[in-house]
Amino acid sequence: MSRYIALEGIDGAGKTSVLVALAERLEGEGHDVVCVREPGGTAVGESLRDLLLEGPPMSAWAEALMFAADRAQLVEEVVRPALARSAWVLSDRSVYSSLAYQGAGRGLGIGRVRQINEPGLSGTWPDMVMLLVVAPEAGLARQEKEDRIGSEGSSLLASVAEAFERLASREPDRFVVIDAEQSLGLVVDQAWAAVQL
Ligand code: Z5A
């Protein structure tokens, strides 16, 4: 059964909205549900989040390594203990965001970004990744708050969106791809149907 589920997609795809709705439905069925976000979700991670999203310009590798450090802390402190007690973990973004944004968007290489994340993950990869697909312009129009990375505009997002779709086609057993330009209600219903599989 898939219990570690990541919501992925470009900015404004609807990840947080869908995550909240899934958590409510799972809790309504009596499940123990832990919601996390990347970057963030731990004291170390929230400090890194401030630096990553609101801080000064930084090199692409510094950025990629900080996302990997944030994730290593989250997996050790929150995700693995939750899975060990049979809770569900719903994650707003995951290692796949690093593969798409830093690997493809920043041009560091998906393989090399995967390598720097592997030691911190130690095999704890999401069981299921729900990829919410929207066109970059649609995502940007929905965005409520711009961060350092999101403010770079639609050309970065176009390469990120393309990378997400490539990653999904390479791992069809892990990814569930949902058209997120549909109404939120329909998107949530499709996400919920995937959780029930
Ligand atoms: N990042 C990275 O580069 N590398 C990494 O490894 C990681 C992250 C982990 C984190 O941002 C930034 O870090 C992000 C990538 C980078 N920056 N960029 N670019 P984040 O995850 O905290 O936030 P975000 O993804 O950029 O934006 P967001 O606005 O939180 O997006 P969202 O969660 O996908 O959307 P939402 O909050 O659910 O919805 C946004 C609005 O759209 C809201 O008003 C909803 O009511 C509305 N909405 C949602 N769904 C629909 C539908 N279906 N129809 C109509 N309206 C909708």
Side-chain angles (χ1 to χ4, degrees), residues 6-24 35-42 44-46 48-55 57-75 79 90-108 110 112-118 120-121 125-126 129-161 163-164 167 178-192:
L7 277 299
E8 286 288 8
I10 61 168
D11 323 19
K15 300 172 296 297
T16 310
S17 309
V18 174
L19 184 146
V20 168
L22 286 182
E24 277 171 8
C35 296
V36 295
R37 67 173 181 177
E38 293 191 15
T42 63
V44 168
E46 291 300 325
L48 286 172
R49 182 179 179 93
D50 288 343
L51 199 51
L52 280 160
L53 302 188
E54 314 296 338
M58 61 183 75
S59 81
W61 275 112
E63 185 182 277
L65 288 161
M66 268 192 254
F67 277 117
D70 160 68
R71 185 166 298 122
Q73 185 67 30
L74 182 69
V75 164
V79 177
L90 301 184
S91 186
D92 201 332
R93 297 195 179 275
S94 72
V95 61
Y96 287 95
S97 281
S98 280
L99 302 186
Y101 281 84
Q102 281 65 50
R106 298 290 195 215
L108 300 180
I110 288 178
R112 292 209 291 168
V113 172
R114 183 182 284 267
Q115 273 172 7
I116 61 163
N117 277 276
E118 271 167 352
L121 290 177
W125 285 65
V129 180
M130 290 193 189
L131 177 61
L132 306 185
V133 179
V134 288
E137 305 71 42
L140 285 174
R142 282 187 198 165
Q143 227 186 5
E144 284 158 355
K145 190 172 166 259
E146 233 180 35
D147 59 55
R148 188 181 58 81
I149 298 168
S151 63
E152 290 181 34
S154 57
S155 74
L156 175 80
L157 280 194
S159 70
V160 169
F164 271 131
L167 290 165
I178 300 178
D179 172 5
E181 293 201 22
Q182 306 175 92
S183 72
L184 182 56
L186 279 178
V187 176
V188 169
D189 285 347
Q190 287 173 20
W192 181 240

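Whatever order the structure lists them in is the order used to number ligands and atoms, beginning at 1.
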Does any N or O atom in [X] lie less than 3.5 angstrom from one in ligand 1, N or O only?
| X | answer |
| --- | --- |
| Asp92 | no |
| Thr16 | yes |
| Val18 | no |

Q) For residues 130-143, which residue pairs qualify under side-chain hydrogen bond (donor to acceptor under 3.5 Å, both in side chains), counting only residues two or more places apart or in two chains? A)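 Listed once each, the pairs are Asp11-Gln143.
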Which atoms of ligand 1 are found less than 4.0 Å from any heavy atom of [X]?
| X | result |
| --- | --- |
| Ser183 | 53 (N) |
| Ser17 | 36 (P), 38 (O), 39 (O), 45 (C), 49 (C) |
| Ala180 | 53 (N) |
| Glu144 | 41 (C), 43 (C), 44 (O) |
| Ser98 | 5 (C), 6 (O) |
| Glu38 | 9 (C) |

Identity and separation of the nearest protein heavy atom to [atom]:
| atom | answer |
| --- | --- |
| atom 7 (C) of ligand 1 | Phe67 CE2, 3.4 Å |
| atom 24 (P) of ligand 1 | Arg93 NH2, 3.7 Å |
| atom 27 (O) of ligand 1 | Gly12 N, 3.8 Å |

**Q.** Region of Asp147 engaging ligand 1 - heavy atom pairs below 4.0 Å
**A.**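 It is the side chain that gets close, since no backbone atom is under 4.0 Å.
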Q. Does Gln102 approach ligand 1 within less than 4.0 angstrom via side chain, backbone, both or neither, non-hydrogen atoms only?
A.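 The answer is the side chain.
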At the 4.0 Å heavy-atom cut-off, does [X] count as touching ligand 1?
| X | answer |
| --- | --- |
| Arg49 | yes |
| Glu63 | no |
| Ala13 | yes |

So does [Y] get a backbone contact from the side chain of [X], meaning a donor-acceptor N/O pair under 3.5 Å?
| X | Y | value |
| --- | --- | --- |
| Glu8 | Ser94 | yes |
| Arg148 | Pro57 | no |
| Glu38 | Ser91 | no |
| Arg37 | Asp92 | no |

Q.
Quick check: closest heavy atoms across Ala138 and Val134, and the distance to 0.1 Å?
A.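 Result for this residue pair: CB-CB, 4.4 Å.
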Q.
For Leu99 versus Ile110, what's the shortest heavy-atom pair and its separation?
A.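 Looking at all heavy atoms of both residues, the shortest contact is O-CG1, 3.4 Å.
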Between [options], which one has a non-hydrogen atom sitting closest to [atom]?
| atom | options | result |
| --- | --- | --- |
| atom 56 (N) of ligand 1 | Arg142, Gln143, Gln182, Lys15 | Arg142 |
| atom 19 (N) of ligand 1 | Ile149, Val95, Asp179, Asp11 | Asp11 |
| atom 12 (C) of ligand 1 | Leu184, Leu7, Leu74, Leu53 | Leu53 |

Q: Please name all residues satisfying side-chain contact (heavy atoms from CB on, under 4.5 Å) with Ser155, sequence neighbours left out, ordered by chain then number.
A: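 Counting only residues at least two positions away or on another chain, Ser155 forms no side-chain contact (heavy atoms from CB on, under 4.5 Å).
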Is there a side-chain contact between [X] and [Y], using heavy atoms and a 4.5 Å cut-off?
| X | Y | answer |
| --- | --- | --- |
| Pro39 | Leu48 | no |
| Val18 | Leu184 | yes |
| Ile116 | Trp61 | yes |

Q: Go through the steps for Tyr101 and Leu108 under the test side chain to side chain contact (heavy atoms under 4.5 Å, CB included), then give the verdict.
A: CA-CA 9 Å; Tyr101 281 84; Leu108 300 180; over 6 Å; no
